Structure formats: C-alpha cells, structure tokens
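What follows is a single structure, written as structure tokens, with notes after it.
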Amino acid sequence: MTARKLAEGIHWVGALDFDRRIFDELIPLPDGTSYNSYLIQGTEKTALIDTVDPTKEEDLIVNLIKLGIEQIDYIVINHAEQDHAGSLPMVLEMYPRAQVVTNEKCRDLLVSLLQIPPECVRVIQEGETLPLGGRTLRFFMTPWTHWPETQLTFIEEDRILFPCDLFGYHAASSELYVTDEAEARRSAKRYYAEIMMPFRGSIKGYIGKVRALGPALIAPSHGPLHRNPAFILDAYEEWVSEDVKNVVVLPYISMHGSTRKMVEHLTDALIVRGVEVKPFNLSRTDIGDLASALVDAATIIIATPTVLFGPHPHVVHATYLTNMLKPKARYVSVIGSFGWGGKAVESIVKMLDHVKVEFLEPVVVKGMPDEAAFVALNRLADDITRKHKELGILK
Ligand code: FEO
C-alpha cells in the first residue's frame with residue numbers, strides 16, 4: 001500500500017493487512033489490521049516512528065524507497081511488540097547509520113526479543129525532546145498501555161501524537177482517517193477490551209496528560225487516524241471510568257439443553273425486570289465481542305453444565321479470559337446443571353481471583369431445571385435487579 005501524506009514532510013509508510021484474521025493466535029480480527037509506521041522529515045534530520053509487522057516489512061521498504069528516503073537518522077520505537085518493532089532489524093540493515101530512539105525498558109526488550117545491539121539505541125527519558133530541524137519530537141512514558149515499556153511520541157509544532165497501540169484498533173481500511181465514528185467506536189471498544197482493559201488504572205492517568213498536550217491529530221499504530229481527538233479521548237474516558245451499565249453479560253454452554261433452559265429463563269426474567277442481557281453461546285462466540293460486552297456490564301452470569309467434575313472447557317476458557325481482562329463488573333454469579341456431581345461453581349469462583357466483585361448466590365440444579373429451579377432463577381433476577389437499582393443504573 002502506497003505511502004500517504006499527512007502533512008508536508010510527514011507520511012504514513014505502514015502496511016495494511018486485509019487478510020489477517022487472528023492476532024496472538026487468540027484475538028479474532030474480523031476487519032484485518034494495519035501496522036502504521038510514520039516518516040517524519042525535519043530540515044536536518046529524518047525519523048521513522050515505529051516499523052511494521054515482519055510479515056509486511058516489504059511494504060514498509062517499498063514505501064521508503066518510493067519516497068526516495070536515502071537516510072534515516074532516528075527510528076523511534078514506542079513499543080517493543082513485534083507487530084510494531086519486528087521490522088527494526090531489517091530497517092537497521094537498510095539504514096545502518098540510524099539510531100534507535102526509545103526508553104530503557106524498551107531498549108532491553110528490543111535486545112532480548114529482536115537481538116538489537118544495545119549500542120544502536122539512544123535511551124530517552126520522560127519529557128525529553130529530539131530536534132529534527134523545524135520539528136521537535138517529545139517523548140512521554142506511558143507504562144502499561146499495555147506492556148511496561150510503552151511510550152508516546154508527540155510532534156510539538158504539528159501537534160501530532162503517536163501513541164502506538166493506545167487509541168488504535170484493528171482494521172485494515174483504505175481510509176487514512178476515521179470517517180464513521182460509530183463504527184470506529186465499536187472497533188476501538190473491542191480493541192480496548194482485548195488489549196487495554198486490564199490496565200484501566202494506568203490509562204486513566206494518561207488521558208488527562210494527552211488532553212493537556214492538545215493534539216490536533218492522534219495517529220495510532222493500528223487502524224485509521226483520529227482527526228477528532230476528542231472523540232477517542234471521550235470514549236476512553238468513559239471506558240476507564242468506574243461507571244457500569246444496566247447490562248448482564250451471560251456467557252454460556254449447554255450440552256443437552258438443561259443449562260440452555262436456565263439461560264433462557266433467566267434472560268426472560270431479567271428482560272421483564274428492565275435489565276439488558278447479552279447472552280454469548282461460547283460454542284460459537286467471537287471472544288472479541290464477549291470482551292467488548294464486558295467493558296461496562298454491571299453483572300456477569302456464567303452458565304455451564306458440569307463436564308466430568310467441573311465446568312465445560314469452553315466456559316473455563318471464557319472465565320480465564322474474563323479474569324485476565326479484569327472488567328469493572330460489580331456482580332458475578334454462576335448457573336448451570338449437573339448430572340451426578342462436581343464442583344463447577346467452586347472452580348469458576350476460584351478462577352476469578354483478579355476480578356473485584358460480589359458473588360451472588362448461584363443456581364445449580366441436578367438434571368433438567370424444574371419449577372424450584374425457575375423460582376431460584378427468578379430470585380437471582382430479583383437480586384440483580386435490586387443491585388442495579390442500588391447502583392442507580394436501573395430506575
Ligand atoms: Fe500492536 Fe502491543 O502491539
């Protein structure tokens with residue numbers, strides 16, 4: 001994909017990956033992704049900000065060649081993960097006089113992950129500047145967005161912020177800039193859920209810092225660029241806040257129909273009480289959709305049959321992910337059916353040790369749910385309704 005001009009002397013030189021369908025062998029990419037790399041030319045020096053995934057290094061090279069770039073002085077690495085830093089060895093081979101510019105933690109990761117010689121790296125500190133001639137790069141440390149070494153780069157004169165993963169989203173789009181904010185919000189929320197949500201506490205502190213910079217453009221390293229920075233900053237502000245919504249997320253599996261009957265009954269009982277329900281059949285759920293729903297749901301109900309002695313493995317997977325993603329839900333419960341015994345509830349509760357929630361009384365029945373089971377599910381629906389009213393999210 002050809003280089004695209006953001007301003008005189010500032011170009012997008014990255015790669016669009018329309019075909020990629022999975023990231024980290026875990027995260028589905030329904031819209032592909034992009035690896036955004038940026039070339040910044042001053043009157044005296046030229047800098048490249050981030051590289052691309054090594055599977056697309058040819059795209060980056062072709063873009064640099066087409067622009068006639070004979071010398072790169074600095075390669076700024078905002079984040080050491082391979083989808084952004086993975087082509088660094090090849091860029092260094094092409095431009096051997098270039099200096100890698102990053103923070104100390106990132107340097108150490110570049111050395112261990114990519115075997116970059118440490119002497120190639122110029123280590124920068126919080127707030128440090130790098131003049132290019134008529135343009136100045138300033139660096140800000142933002143650890144845990146989502147690795148410990150992450151940083152932002154800001155061009156002071158053009159007021160362009162390069163936050164790498166932060167504020168980006170997975171999409172390969174022929175549009176350089178966000179054009180449909182509703183669609184961008186859906187994709188960015190999904191990305192936030194999958195990548196950033198566990199670091200909500202750290203990110204909270206960075207939003208004010210970014211607002212204070214007053215960027216005119218936010219140019220992340222995945223997906224289209226934000227010409228309206230307030231749109232993505234407001235969305236992040238909402239997602240990282242303590243506010244939850246009147247929503248129950250209900251991931252479930254049913255093998256022979258008993259747990260399904262319970263899920264359906266509870267869903268109906270919640271709907272009539274005015275609670276929004278988002279059920280996810282884990283045998284076919286896109287985990288990105290599930291993660292996205294977890295961003296602001298007040299309650300999570302996990303529904304599982306018992307397989308041998310514990311929860312169904314698909315439920316184990318979803319519960320493990322939920323625990324890692326650390327959503328801000330306030331309440332959790334478990335429902336399900338068993339044949340002859342087992343410890344499904346105990347296993348699920350134990351797996352959720354990173355999620356700070358109150359556990360509501362579970363509803364677990366032997367075999368097909370009977371009238372007593374439906375009464376118990378109504379009681380759980382009442383408990384959820386009362387809790388949501390106490391939070392002020394249900395009138
Ligand atoms: Fe897009 Fe954390 O890499």
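Starting from 1, each residue takes its place in the sequence as its number. Because the structure is predicted, anything quoted here is derived from the model rather than measured. All ligand and atom numbering here is 1-based and tracks the order in the structure.
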Residues that Arg185 engages under salt bridge (Lys or Arg N to Asp or Glu O under 4.0 Å), provided they are two or more places apart: Glu238

Residues Lys56 and Asp53 bridged, charged N to O under 4.0 Å: no

Arg138 NZ/CZ over Phe154 ring centroid, <6.0 Å and within 45° of normal: no

By ring-ring contact (aromatic ring centres under 6.0 Å, His included) - contacts of His265 (at least two apart): Phe374

Single-linkage hydrophobic cluster, 4.5 Å side-chain cutoff, Leu266 and Phe338 together: no

Protein N/O/S atoms closer than 2.8 Å to atom 2 (Fe) of ligand 1: His79 NE2, Glu81 OE1, His146 NE2, Asp165 OD2

Which residues share a ring-ring contact (aromatic ring centres under 6.0 Å, His included) with Tyr191, sequence neighbours left out: His170, His222

